[in-house]
Amino acid sequence: MIAPLIEVLGTDFDDLRREYAEYRMRQGRELVFLLPPDAVRPLLRRMHRQAVPADRLRDDPLAALADYCANLLPLPPFDVWLGDVREHPDEYLESLDSPGGAPTVSAPATLDARCFERAGTEWIARLRAFRDQGAWRGFITFHSRDGDPVQRTSLVFREEGPREVRERFLTFESAALESFLRSAMS
């Protein structure tokens, strides 16, 4: 998440809180991947002794472990994190490309967002991306200010890193975003 996204979302704290939750999960996953294999079992046992819902463990054990690890880390509270993202947006973008903490297809990161108008309705185009097989792939989601259903493109980006995906997204003019929205709606 970077500064333009914050500007677009403004005080939409639900979206900002989702971004913060994604940040915490990435940090938790990164800790899991940094641990030596023989340290994971004791951590899992400790987690099982805690009040982690059994269905969460069954559905996605890695996500449950990442969430548990995120709670062990001294991560900044939401307001401190938000201030830091505003001050150092590029560092957050670069941190997405860490080996264990990179966003996945099931948990993509929002790299940027832009507003545009189509047929009298204001839309927010969010660039969502993840690392997959050595490359960064991305798609665009569209949210109207009127509460229309969210629209999503197929994968339209494939770049070397998150910065390159974002730079490509920023080259799109409003007309291109409108075209992507029309194709997502059909």
Side-chain angles (χ1 to χ4, degrees), residues 1-10 12 15-37 40 60 62-63 65-67 69-70 73-76 78 80-116 123-143 150-181 183-184:
M1 178 168 148
I2 53 181
L5 175 62
I6 292 171
E7 291 168 13
V8 169
L9 297 178
D12 189 345
D15 282 340
L16 291 172
R17 290 236 181 244
R18 270 192 292 280
E19 291 300 321
Y20 176 67
E22 288 177 15
Y23 156 77
R24 289 181 54 81
M25 285 299 286
R26 283 192 302 275
Q27 297 301 308
R29 270 196 318 272
E30 194 163 330
L31 177 59
V32 171
F33 286 105
L34 287 173
L35 292 171
V40 175
D60 192 347
L62 180 58
L65 183 59
D67 186 43
C69 287
L73 293 169
L75 296 174
F78 174 75
V80 173
W81 169 83
L82 185 58
D84 197 41
V85 171
R86 284 184 171 134
E87 285 289 316
H88 310 284
D90 287 338
E91 283 79 4
Y92 276 91
L93 187 63
E94 292 302 318
S95 74
L96 293 175
D97 209 10
S98 63
T104 62
V105 67
S106 61
T110 302
L111 303 185
D112 209 328
R114 295 172 51 200
C115 289
F116 67 99
W123 289 85
I124 299 172
R126 286 183 176 87
L127 170 60
R128 306 278 290 158
F130 57 94
R131 188 168 53 195
D132 181 43
Q133 300 175 359
W136 276 78
R137 301 177 191 281
F139 56 91
I140 305 168
T141 61
F142 297 95
H143 310 258
V150 173
Q151 305 294 325
R152 182 198 155 170
T153 67
S154 60
L155 293 175
V156 293
F157 299 97
R158 186 185 186 283
E159 300 292 338
E160 202 169 299
R163 184 180 301 273
E164 292 84 357
V165 174
R166 179 178 174 263
E167 287 171 359
R168 183 130 175 262
F169 174 72
L170 292 176
T171 66
F172 295 154
E173 295 179 5
S174 291
L177 293 175
E178 286 182 52
S179 295
F180 278 116
L181 174 58
S183 92

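Computed from a predicted model, the values in this text were never measured in an experiment. One-based numbering along the sequence shown.
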(request) State which residues pass side chain to side chain donor-acceptor pair (under 3.5 Å) with Thr104; sequence neighbours excluded, sorted by chain then number. (result)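 Once residues adjacent in sequence are excluded, the partners of Thr104 under the side chain to side chain donor-acceptor pair (under 3.5 Å) criterion are Ser106.
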(message) Suppose we screen for side chain to side chain donor-acceptor pair (under 3.5 Å). Which residues come up paired with Ser179, at least two apart in sequence or across chains?
(response)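 With neighbours one apart ignored, the set is Arg182.
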Heavy-atom side-chain contact between [X] and [Y] under 4.5 Å:
{"X": "Arg26", "Y": "Arg29", "result": "yes"}
{"X": "Leu127", "Y": "Arg114", "result": "no"}
{"X": "Tyr23", "Y": "Leu75", "result": "yes"}

(message) If the condition is salt bridge (Lys or Arg N to Asp or Glu O under 4.0 Å), which residues does Glu178 pass it with, not counting sequence neighbours?
(response)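 For Glu178 there are no salt bridge (Lys or Arg N to Asp or Glu O under 4.0 Å) partners, ignoring immediate neighbours.
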(message) Using the salt bridge (Lys or Arg N to Asp or Glu O under 4.0 Å) criterion, which residues pair with Arg137? Sequence neighbours excluded.
(response)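 With neighbours one apart ignored, the set is Asp132.
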(request) State whether the side chain of Arg128 and the backbone N or O of Pro108 hold a donor-acceptor pair below 3.5 Å, judged by distance alone. (result)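 Side chain of Arg128 to backbone of Pro108, a donor-acceptor pair under 3.5 Å: yes, one is there.
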With sequence neighbours left out, write down each residue that passes side chain to side chain contact (heavy atoms under 4.5 Å, CB included) with [X], or none if nothing qualifies.
{"X": "Val105", "answer": "Phe130"}
{"X": "Pro37", "answer": "none"}
{"X": "Ala125", "answer": "Phe116, Ile140, Phe142, Phe169, Leu177"}
{"X": "Leu34", "answer": "Glu30"}

(request) Sorted by first residue and then second, give each side-chain hydrogen bond (donor to acceptor under 3.5 Å, both in side chains) pair with at least one member in residues 150-160; sequence neighbours left out. (result)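 Non-adjacent pairs meeting side-chain hydrogen bond (donor to acceptor under 3.5 Å, both in side chains): Glu159-Arg168.
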(request) Would you please name every residue forming a ring pair (Phe, Tyr, Trp, His ring centres under 6.0 Å) with Phe157, sequence neighbours left out? (result)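 For Phe157 the ring pair (Phe, Tyr, Trp, His ring centres under 6.0 Å) partners, ignoring immediate neighbours, are Phe172.
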